[in-house]
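Here is the structure we will look at.
Positions are given from 1, in the same order as the sequence printed here. Quick caveat: nothing in here was measured; it's all calculated off a predicted structure.
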Amino acid sequence: MVLTDEERQNILDFYNACDEMIEGRFILSDTKVANILKCVVKSETLYNLYSNCMKDFKFKYVLERSLASNPANGGYFVMSDDEKEIVAFVTCLLLEVDKKNINLQTFVTENFFSADGYNISYSNFALTVLIAYKTAVKNLIGVDENGNVSAEQDYSASQVTIDETIESVETDKNTKLLLANLMMNISELTNAINEDNKIKYNEKEELLIVLKALTRAVKIEELLIINALLVPLEHSISKNRKLKGLYENLKLLIADIYY
């Protein structure tokens, strides 16, 4: 992998943003979460990594499996050993915190409680979640904290490619963040379709083909294709109440991108 000086700096900025949140406390944590996410969407390498790690990933399932309240975990929050799953999970977790769907203080208190106070609880969270996240990213992209690239690893080579004649749209950081959220929603909708035994086989195949195309359109940031794919998608799931709710969330995100 060959990095431009700008891309190398983008990755180092991500490491620094992770360190600031790891070494900090709850104060200004919302800002620190936002800073990490901005670094992810600013870097092509990190954004592609997140997109690839989201393939077949089920955030809600992994979250419930990991929680300290899970009877199988003995009162502890348990992180995955799979580095790709760690990247997908923590990025989604930060996105949910950023959207105010998850309250970080409550999450830390419920899963990393220490009788010695919230600061120790937060340190437990940082050690368990954030350090694992930063380490997984470093290992997968093969770039150390000095910006040196490992000759043995080039995760970017696995990114999805598409016909180069399709014109992509330049997007700003806010739009990139919305696209990252959109990727998570597409994954949730895909999982729901796969798990719905009431959908006929041929209808399920058609839906999954559209969602696969939608995922690729998001990865190349082609807003016109994203918008066009909503038509067959809405037509196919309009009669399924559960899927319709997930689709409406997805459509709202796309509307946010335009407005």
Side-chain angles (χ1 to χ4, degrees), residues 37 40-41 46-66 80 82-96 98-99 101-102 136 140 155 158-163 166 168 171 175-258:
L37 293 174
V40 171
V41 300
L46 297 176
Y47 189 70
N48 284 337
L49 174 65
Y50 165 70
S51 298
N52 283 295
C53 290
M54 283 299 294
K55 183 179 180 182
D56 299 324
F57 177 73
K58 301 179 180 180
F59 174 68
K60 291 182 179 178
Y61 168 77
V62 176
L63 176 63
E64 291 172 2
R65 185 190 68 193
S66 303
S80 170
D82 185 296
E83 290 186 322
K84 288 176 63 178
E85 189 169 276
I86 290 172
V87 170
F89 172 72
V90 181
T91 306
C92 287
L93 177 66
L94 296 178
L95 285 167
E96 290 292 276
D98 189 61
K99 291 188 295 183
N101 291 336
I102 292 178
L140 288 172
Y155 192 84
S158 65
Q159 68 187 42
V160 173
T161 58
I162 199 162
D163 192 338
I166 296 177
S168 63
T171 52
T175 302
K176 281 264 195 178
L177 192 55
L178 288 169
L179 289 169
N181 275 298
L182 185 57
M183 191 74 70
M184 182 168 66
N185 281 54
I186 293 171
S187 178
E188 289 180 358
L189 183 54
T190 300
N191 293 331
I193 291 169
N194 277 321
E195 294 168 1
D196 194 331
N197 296 323
K198 295 181 180 179
I199 302 176
K200 296 179 180 178
Y201 176 80
N202 61 326
E203 294 176 352
K204 182 175 290 191
E205 286 296 299
E206 290 175 1
L207 282 169
L208 293 176
I209 288 171
V210 174
L211 286 172
K212 185 175 181 180
L214 187 58
T215 299
R216 292 190 175 191
V218 172
K219 286 183 178 181
I220 64 169
E221 301 169 9
E222 181 51 75
L223 302 183
L224 294 176
I225 296 177
I226 292 171
N227 194 52
L229 288 169
L230 290 183
V231 177
L233 190 60
E234 182 163 3
H235 175 74
S236 299
I237 67 177
S238 59
K239 296 179 181 179
N240 188 310
R241 184 176 298 178
K242 180 180 178 182
L243 296 182
K244 189 174 181 180
L246 292 171
Y247 168 75
E248 290 298 326
N249 291 336
L250 187 149
K251 191 163 67 171
L252 286 172
L253 275 174
I254 293 174
D256 285 342
I257 292 173
Y258 280 97

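Under the salt bridge (Lys or Arg N to Asp or Glu O under 4.0 Å) criterion, Glu85 pairs with Arg65, not counting sequence neighbours. Remark: Lys99 engages Glu96 in a salt bridge (Lys or Arg N to Asp or Glu O under 4.0 Å) (not counting sequence neighbours). Qualifying ring-ring contact (aromatic ring centres under 6.0 Å, His included) partners for Phe59, counting only residues two or more places apart in sequence or in other chains: Phe89. Every residue two or more places apart in sequence or in another chain was checked for a salt bridge (Lys or Arg N to Asp or Glu O under 4.0 Å) with Glu64, and none qualifies. Among residues two or more places apart in sequence or in another chain, the side chain to side chain donor-acceptor pair (under 3.5 Å) test is passed with Tyr247 by Glu234.
Of all heavy-atom pairs spanning Tyr47 and Leu179, the tightest one is OH-CB, 3.0 Å. The heavy-atom pair separating Leu246 from Ala192 by the smallest distance is CD1-CB, 3.5 Å. Leu243 approaches Ile237 most closely through the heavy-atom pair O-CD1, 3.8 Å.
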Criterion side-chain contact (heavy atoms from CB on, under 4.5 Å) on Lys58 and Ser187, from CA distance to verdict: CA-CA 7 Å; Lys58 301 179 180 180; Ser187 178; 5.9 Å; no

side-chain contact (heavy atoms from CB on, under 4.5 Å) assessment of Ile186 paired with Leu250: CA-CA 7 Å; Ile186 293 171; Leu250 187 149; 3.7 Å; yes

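The structure places NZ of Lys60 at 5.0 Å from CD of Glu188, a figure rounded to the nearest 0.5 Å. Remark: Leu94 CG to Leu37 CG distance equals 5.5 Å, nearest 0.5 Å. The distance from the CE atom of Met183 to the OG1 atom of Thr91 is 11.5 Å, given to the nearest 0.5 Å.
Residue Leu93 is tested with Val62, Asp98, Ile102 for a side-chain contact (heavy atoms from CB on, under 4.5 Å); the sole match is Ile102.
Taking 4.5 Å as the limit, some side-chain heavy atom of Tyr50 sits within range of a side-chain heavy atom of Leu95. Counting heavy atoms from C-beta outward, Cys53 and Glu83 have side chains that stay 4.5 Å or more apart.
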Residues 198-210 side chain polar contacts: donor-acceptor under 3.5 Å, at least two apart:
residue, atom, partner, partner atom, Å
Lys204, NZ, Ile193, O, 3.3
Lys204, NZ, Asn194, O, 3.3
Lys204, NZ, Asp196, O, 3.0

